[in-house]
Amino acid sequence: MKKVLTVLVCFSTIFSVRAANGRLAIINAELIDGKSDRVQSGVTVLISDGKIESVKRGGKVPKDYETIDIAGATLMPGFIDAHTHIRSLSSAKRALESGVTTVRSASTPNYQDVNLRELVKSGVLSGPDMVAAGVFVTPNLGETVLADPRLSVLMNGVNSEEELRMLVRINADRGVDFIKTRGTERAGLPNTDPRKQTYTQEQLAVIVDEANKHNIPVMAHAHGDEGGYAAVAAGVKSIEHGTYLSEKTLKLMKQKGTYLVPTFTTVVDLTEPGGDYDNPVLFIRGQHMLSALEKTVKRAYEIGIKIVTGADTGYGPNSVTRVGMEITNFVKLGMKPMDAIRSATSVGAELLQISDRTGTVTVGKEADLVVVPDNPLEDIRSVQDVVLVISNGVIAMNRLPFSKE
């Protein structure tokens with residue numbers, strides 16, 4: 001009789017479990033593979049050495065595979081969060097248990113994202129895989145100058161061509177996968193104006209040019225339209241937020257293939273008590289930001305801009321935004337459920353330039369998988385109820401009912 005693997009989860013403690021011989025079988029799955037428009041029934045997925053070995057209807061499970069019977073629940077690719085500020089092991093764990101198996105950092109102050117990436121690569125952590133951005137290329141570094149001794153000469157600002165190129169080169173030398181910069185000020189501070197442009201198109205073009213020399217794409221924080229347009233025209237890979245983007249800017253994004261990571265649920269967080277933001281100025285600001293961002297996302301989807309999920313959180317103990325909520329909100333804004341799921345899986349992998357490794361349930365790719373109890377095409381809120389997470393072939397979290405041998 002085959003052994004059925006069971007993992008005990010006690011309160012907040014998550015035990016990562018590697019199947020015997022690195023071999024695992026998931027059976028009786030309703031499969032959303034991240035690329036097809038249809039759900040496949042009765043699927044068996046075999047995992048070996050961290051990779052997907054086989055995806056097929058039914059069939060016998062070979063010997064020496066530990067088996068998880070998900071009894072008709074829905075199996076999907078692990079979620080991609082393309083805009084995070086994870087900087088600790090506990091935060092990485094919270095992201096992983098929410099179903100996020102891959103994240104793109106939107107900067108950390110001391111290259112914690114680079115170090116987390118290497119811990120996952122070495123197998124010390126089961127995930128999430130990290131696409132690192134390192135230090136924010138922004139006009140004022142503040143305390144971030146402590147991240148690397150070479151940054152000391154940038155204490156008075158990062159504005160000239162020489163300064164911009166230097167910071168990009170330091171990030172590249174530290175091994176980042178993306179460069180994060182800005183076109184506008186922040187929304188999450190009460191004393192900043194999110195519409196205000198920071199870097200000009202010329203400055204942003206310098207950043208993109210220097211990043212291109214190191215084969216590193218650029219992501220740009222931009223709420224306001226002028227800064228957003230400048231970033232798109234300069235050649236960034238993605239616009240983060242995009243709250244007040246005009247039709248002109250959106251059409252340029254479509255023309256240039258620029259992705260949008262709207263972090264919509266974070267703006268919802270501005271309008272509600274608790275969470276990462278709880279401030280009366282931000283509450284008032286959030287009212288008009290939410291309305292504007294709704295229009296941006298709807299129009300971007302209508303004209304075919306590729307939209308990707310991002311929770312824009314550090315996954316701290318008070319955070320209330322998750323990728324599952326972002327998927328749900330995308331559907332509320334008019335996306336087809338399958339398109340919203342792809343925004344968190346295959347389209348996210350395209351943006352991060354890792355489609356060859358993850359984003360779909362495909363033979364040869366990393367075994368990054370989640371299980372939700374119901375069919376999200378019938379009720380998209382099911383994606384918020386992740387009951388099993390497998391990252392790089394390792395069971396990171398299992399809340400399935402205990403099975404009997």
Side-chain angles (χ1 to χ4, degrees), residues 2-5 7 16-81 96-97 99-103 117 120-123 125-131 323 338 341-372 376 383 386-398 400:
K2 294 222 181 290
K3 184 164 62 174
V4 178
L5 187 63
V7 181
S16 296
V17 175
R18 191 177 300 276
N21 303 319
R23 296 173 181 171
L24 181 66
I26 302 173
I27 64 172
N28 294 321
E30 297 291 300
L31 177 65
I32 293 175
D33 65 9
K35 53 183 179 179
S36 172
D37 286 330
R38 65 187 183 88
V39 179
Q40 303 173 55
S41 297
V43 173
T44 295
V45 175
L46 300 183
I47 297 167
S48 179
D49 297 323
K51 300 290 181 68
I52 297 171
E53 177 187 339
S54 172
V55 181
K56 60 184 179 180
R57 293 281 301 274
K60 295 183 65 176
V61 176
K63 293 181 179 179
D64 299 326
Y65 280 72
E66 299 197 45
T67 301
I68 297 181
D69 185 346
I70 67 172
T74 302
L75 178 70
M76 298 190 294
F79 300 150
I80 292 174
D81 186 340
L96 189 59
E97 69 180 340
V100 170
T101 56
T102 303
V103 300
R117 182 191 66 198
V120 176
K121 280 186 177 179
S122 67
L125 299 178
S126 58
D129 289 321
M130 173 71 75
V131 175
V323 167
M338 194 67 89
I341 290 168
R342 289 193 189 103
S343 74
T345 56
S346 56
V347 179
E350 288 176 18
L351 167 59
L352 274 52
Q353 301 181 342
I354 54 173
S355 292
D356 60 329
R357 293 172 12 213
T358 193
T360 61
V361 183
T362 304
V363 173
K365 291 191 179 181
E366 295 171 357
D368 295 335
L369 306 164
V370 297
V371 172
V372 299
V383 298
V386 175
V387 294
L388 176 69
V389 179
I390 297 174
S391 179
N392 296 305
V394 177
I395 299 171
M397 186 272 283
N398 187 352
L400 289 167

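Everything numeric here is computed off the predicted structure, so don't read it as measured data.
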Could you grab the distance from atom [atom1] of [X] to atom [atom2] of [Y], nearest 0.5 Å is fine?
| X | Y | atom1 | atom2 | value |
| --- | --- | --- | --- | --- |
| L75 | I27 | CG | CD1 | 12.5 Å |
| L46 | K56 | CG | NZ | 6.0 Å |
| M130 | K121 | CE | NZ | 12.0 Å |

Where do [X] and [Y] come nearest, in terms of heavy atoms and distance?
| X | Y | value |
| --- | --- | --- |
| V371 | A73 | CG1-CB, 3.7 Å |
| R38 | M338 | N-CE, 4.2 Å |
| P128 | V100 | CB-O, 3.5 Å |
| V61 | A25 | CG1-CB, 3.6 Å |
| P376 | I32 | CG-CD1, 3.7 Å |
| F79 | V323 | CB-CG1, 3.9 Å |

Any donor-acceptor pair under 3.5 Å linking the side chain of [X] with the backbone of [Y]?
| X | Y | answer |
| --- | --- | --- |
| T360 | D33 | no |
| S391 | S126 | yes |
| S346 | K35 | no |

Do [X] and [Y] make a side-chain contact, defined as non-hydrogen atoms from C-beta onward lying under 4.5 Å apart?
| X | Y | answer |
| --- | --- | --- |
| M76 | I341 | yes |
| D129 | V131 | no |
| I26 | I390 | yes |
| I395 | L388 | yes |
| R342 | D37 | yes |
| I70 | I68 | yes |

Sort out for me which residue in I354, V120, N392 forms a side chain to side chain contact (heavy atoms under 4.5 Å, CB included) with T102.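 The residue from I354, V120, N392 that satisfies side chain to side chain contact (heavy atoms under 4.5 Å, CB included) with T102 turns out to be I354.
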[X]: which residues meet the side-chain hydrogen bond (donor to acceptor under 3.5 Å, both in side chains) condition with it, sequence neighbours left out?
| X | value |
| --- | --- |
| T358 | D368 |
| E350 | Y259, K306 |
| S41 | E30 |

Results of side chain to side chain contact (heavy atoms under 4.5 Å, CB included) for N28 - residues two or more places apart only: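 N28 satisfies side chain to side chain contact (heavy atoms under 4.5 Å, CB included) with D69 only.
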What pairs with R57 under side chain to side chain contact (heavy atoms under 4.5 Å, CB included), at least two apart in sequence or on another chain?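 Per chain and number, R57 pairs via side chain to side chain contact (heavy atoms under 4.5 Å, CB included) with V43.
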When you look at V361 and L369, which way does the side-chain contact (heavy atoms from CB on, under 4.5 Å) test go after all the steps? CA-CA 8 Å; V361 183; L369 306 164; 3.7 Å; yes
Scan for salt bridge (charged side-chain N to carboxylate O under 4.0 Å, His left out) pairs involving residues 353-367, sequence neighbours excluded, and state none if there are none.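 Counting only pairs at least two positions apart or across chains, the salt bridge (charged side-chain N to carboxylate O under 4.0 Å, His left out) contacts touching residues 353-367 are R357-E366.
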